[in-house]
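Taking it in order: structure first as structure tokens, then the write-up.
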2 protein chains.
Amino acid sequence: MQELTNLTRLSLNQATIDSWDARAAIEGCLRTGIPSIGLWRDKVAKTGLAETARIVRESGIKVSSLCRGGWFPAATAAERQARIDDNRRAIEEAAELQTAVLVLVCGPAPDRDMQAAREMVEDALIQLLPYARKHNIALGIEPLHPMYAGDRSVITSLAEANQLVEKLDDANLGVIIDAFHVWWDSSVYEQIARASGHILGFHVSDWLVPLPDVLLGRGMMGDGIIELRKLRHAVDTAGYHGPIEVEIFNQSIWNMPADQVLDLVSKRFLAHV
Amino acid sequence: MQELTNLTRLSLNQATIDSWDARAAIEGCLRTGIPSIGLWRDKVAKTGLAETARIVRESGIKVSSLCRGGWFPAATAAERQARIDDNRRAIEEAAELQTAVLVLVCGPAPDRDMQAAREMVEDALIQLLPYARKHNIALGIEPLHPMYAGDRSVITSLAEANQLVEKLDDANLGVIIDAFHVWWDSSVYEQIARASGHILGFHVSDWLVPLPDVLLGRGMMGDGIIELRKLRHAVDTAGYHGPIEVEIFNQSIWNMPADQVLDLVSKRFLAHV
Ligand SMILES: [Zn+2]
Ligand SMILES: [Zn+2]
């Protein structure tokens with residue numbers, strides 16, 4: 001499998017450097033030759049939406065995605081409507097930041113009923129898609145690792161995300177494939193091929209053994225056991241040639257000097273992705 | 001969905017009471033009216049195999065399963081052979097303990113190659129099945145939660161376990177369905193129905209939110225969010241009417257007085273399973 005020979009496809013997902021707001025992260029990318037960034041709404045809010053959009057335009061940095069919309073299931077109709085309204089704002093923010101993709105972490109069930117929660121996700125998507133289309137934003141369903149099924153996402157496999165995308169059959173809906181969330185799945189290569197034509201993003205990090213922490217235990221590429229190059233090759237073969245976001249939630253990486261992290265990210269990206 | 005009205009199907013998996021060897025656990029079950037037990041090899045070894053077999057016979061307690069065989073993938077042919085030899089001993093132990101089922105935790109990959117490791121599991125099963133048949137022991141593949149894919153099992157979904165059972169098509173091979181490992185799966189009910197005819201066991205505990213610990217964070221039934229009764233009903237509908245093992249790895253439950261745990265297990269079993 002061919003390696004990547006340059007950083008053209010590298011994107012820094014802001015979650016990798018917790019200490020930086022949007023301005024600092026964009027400046028960091030400029031300084032270290034990383035051409036794209038995945039922004040987070042809370043960090044954009046710190047710098048200010050209009051100001052971030054201005055910095056993006058002037059920097060020439062490409063925004064690969066905005067994280068995150070979603071969190072759809074809720075106990076009452078009023079709460080569900082409030083979440084949909086918040087997602088409309090996220091779509092507007094994505095458009096202002098000149099990205100094409102809003103990443104969706106779909107949210108947990110408000111109670112024990114997973115099936116009902118999955119239907120709430122579908123209902124919310126049906127309501128949001130016309131608004132996304134109007135703003136020229138694609139919604140990317142990111143299936144999360146099943147260990148987050150209780151508190152972050154009822155969408156727990158690429159098969160399930162693919163099925164939802166096929167069912168709703170909308171040009172503004174697709175999937176985000178995050179290696180950390182899907183690597184364990186015996187059908188992952190089959191599901192990546194099935195996602196062909198609706199892959200909106202590819203995220204990388206690594207799975208450390210033993211897992212240091214459920215939330216902050218993701219590894220730097222090469223430090224764990226995920227076959228990242230094989231997965232990247234499968235995603236390429238499925239026709240996705242867009243940015244690859246490095247997204248590492250890890251306390252010890254957050255504790256490192258940020259520019260040093262960016263150097264390491266760039267090196268490991270070339271060596272392992 | 002109908003509730004269970006008595007403890008006939010309740011089995012104590014020994015992992016729930018870490019402090020007890022096989023003798024203490026069998027005596028505990030007798031004392032509290034729990035009719036079956038799932039034994040662990042290390043705890044049987046503490047009491048002694050022949051002595052445990054004798055206590056089992058005299059007690060009238062039914063051994064629902066022996067945990068655990070498996071751990072098949074390894075870097076060299078010699079190591080893989082050693083694991084197969086150990087599984088032959090586990091089959092002999094299961095026969096001596098008068099249980100019908102050896103539970104298999106299939107093991108992690110020795111390196112990054114999940115596909116190769118899955119093939120090692122299949123190869124090992126093919127070698128072991130004649131020996132299992134000879135001893136009248138059924139081998140139960142227990143798919144583990146995907147958060148254990150790096151260090152415990154390359155078999156991470158019921159779909160994958162079902163596929164392997166269908167492929168090898170052997171009357172002495174089936175699956176163990178553990179609610180904690182499979183509850184998150186959007187296809188779990190479809191896969192339980194597909195497992196009809198080769199379900200060898202059903203394990204229950206609960207999924208706590210947030211998850212307290214990757215290894216020792218399972219909850220007592222009713223304390224978490226798994227739809228246990230719905231799953232049990234699906235397993236019943238698929239034709240499994242055997243013992244239901246309560247298997248809870250949890251430090252705070254290990255710290256409780258053991259007889260108190262057995263009382264709680266019995267109450268929660270009737271209330272939630
Ligand atoms: Zn991601
Ligand atoms: Zn189990």
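Below, chain A is the first sequence line, B the second, and so on; all start at residue 1.
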Subject >> Leu125(B): partners by side chain to side chain contact (heavy atoms under 4.5 Å, CB included), with sequence neighbours left out >> reply: Phe72(B), Leu104(B), Val121(B), Leu139(B), Ile141(B), Leu164(B), Leu168(B), Leu173(B)
Subject >> Heavy-atom proximity to chain B below 4.5 Å, by part of Leu208(A) >> reply: neither
Subject >> Largest heavy-atom contact set with chain B, pairs under 4.5 Å, which of Ala109(A), Ala159(A), Gly224(A), Pro210(A) >> reply: Gly224(A)
All donor-acceptor atom pairs under 3.5 Å, backbone and side chain, chain B-chain A:
{"residue": "Arg112(B)", "atom": "NE", "partner": "Gly224(A)", "partner atom": "O", "Å": "3.3"}
{"residue": "Arg112(B)", "atom": "NH2", "partner": "Gly222(A)", "partner atom": "O", "Å": "3.3"}
{"residue": "Arg112(B)", "atom": "NH2", "partner": "Gly224(A)", "partner atom": "O", "Å": "2.8"}
{"residue": "Arg118(B)", "atom": "NH2", "partner": "Trp184(A)", "partner atom": "O", "Å": "2.7"}
{"residue": "His145(B)", "atom": "NE2", "partner": "Pro146(A)", "partner atom": "O", "Å": "3.4"}
{"residue": "Pro146(B)", "atom": "O", "partner": "His145(A)", "partner atom": "NE2", "Å": "3.4"}
{"residue": "Thr156(B)", "atom": "OG1", "partner": "Trp184(A)", "partner atom": "O", "Å": "3.2"}
{"residue": "Trp184(B)", "atom": "O", "partner": "Arg118(A)", "partner atom": "NH2", "Å": "2.7"}
{"residue": "Trp184(B)", "atom": "O", "partner": "Thr156(A)", "partner atom": "OG1", "Å": "3.2"}
{"residue": "Gly222(B)", "atom": "O", "partner": "Arg112(A)", "partner atom": "NH2", "Å": "3.3"}
{"residue": "Gly224(B)", "atom": "O", "partner": "Arg112(A)", "partner atom": "NE", "Å": "3.3"}
{"residue": "Gly224(B)", "atom": "O", "partner": "Arg112(A)", "partner atom": "NH2", "Å": "2.8"}

